[in-house]
Amino acid sequence: MNYWLLKTEPTVFGVADLEAAPNRTTPWEGVRNYQARNFLRDGMGLGDQAFFYHSGAARPAIVGIVEVVCAGYPDETAFDPDSRYHDPASTPAHPRWYRVDVRLVRRLRREVTLAELRRHAEALGDFPLLRRGNRLSVLPVTAAQWSAILAREADSDHH
DNA sequence: GCCAACGTTGGC
DNA sequence: GCCAACGTTGGC
């Protein structure tokens with residue numbers, strides 16, 4: 001059982017979209033970065049949980065929790081010439097890209113913003129999201145970091 | 001809109 | 001294998 005953080009742009013697919021999806025479930029597709037691909041394909045297991053993070057937003061923040069309901073399998077959008085995620089180098093015989101299915105467990109009771117995480121960086125240790133220049137869209141989270149962030153959610157005095 | 005950081009591409 | 005050019009990400 002591992003923990004993760006998944007980034008998404010809310011204007012493309014946000015927590016409201018996931019909430020409205022059938023079974024509040026969606027394939028996490030379109031990831032085209034090898035390191036992130038490896039996490040999706042090799043790292044994530046059924047039942048793993050992940051923070052749902054809004055990037056590129058006015059207030060970048062963790063807004064929800066999702067659960068992996070289907071472990072890594074080939075990302076078929078890569079095979080589709082009409083898809084914005086099309087990659088001719090990926091074929092059904094030799095798929096290059098992978099996805100998982102995630103289901104919304106719940107929204108956080110309040111957003112935990114990136115700014116707030118930075119203010120409490122010392123409680124998070126070496127957290128990849130806070131690293132300068134980090135662009136990876138699938139990040140591992142330690143159990144200690146997971147608990148620390150949930151403690152932020154529960155902290156009403158978050159300044 | 002700006003710009004720093006990073007990954008990928010492709011010439012050599 | 002090196003590295004410059006380029007495209008993308010993402011905070012601000």
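The sequence lines fix the lettering, A, B, ..., with proteins before strands; numbering per chain opens at 1. FYI, side chains are in, hydrogens and waters are out, and symmetry mates aren't considered; it's all heavy atoms of this structure.
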Open item on the list: What verdict does the side-chain contact (heavy atoms from CB on, under 4.5 Å) test give for A:Val31 and A:Tyr98, after you've listed the backbone C-alpha separation in whole Å, the side-chain angles of each residue and the deciding distance to 0.1 Å?
Closed with: CA-CA 8 Å; A:Val31 173; A:Tyr98 282 71; over 6 Å; no

Task: nucleotides 2-12 of chain C: protein proximity per nucleotide (B base, S sugar-phosphate only, - neither; heavy atom, under 4.0 Å) - done: -----BBBSSS

- [ ] Give the intermediate values and the outcome of ring-ring contact (aromatic ring centres under 6.0 Å, His included) for residues A:Trp4 and A:Phe52.
- [x] CA-CA 9 Å; A:Trp4 308 91; A:Phe52 192 97; over 10 Å; no

Open item on the list: For the CG atom of A:Asn23 and the CG atom of A:Leu18, what is their distance to the nearest 0.5 Å?
Closed with: 10.5 Å

Task: Salt-bridge present (A:Asp75, A:Arg37; N to O < 4.0 Å) - done: no

Open item on the list: Working note: A:Leu130 + A:Arg118, criterion side-chain contact (heavy atoms from CB on, under 4.5 Å); need CA distance, chi angles, decisive distance, verdict.
Closed with: CA-CA 7 Å; A:Leu130 303 183; A:Arg118 286 199 194 287; 3.9 Å; yes

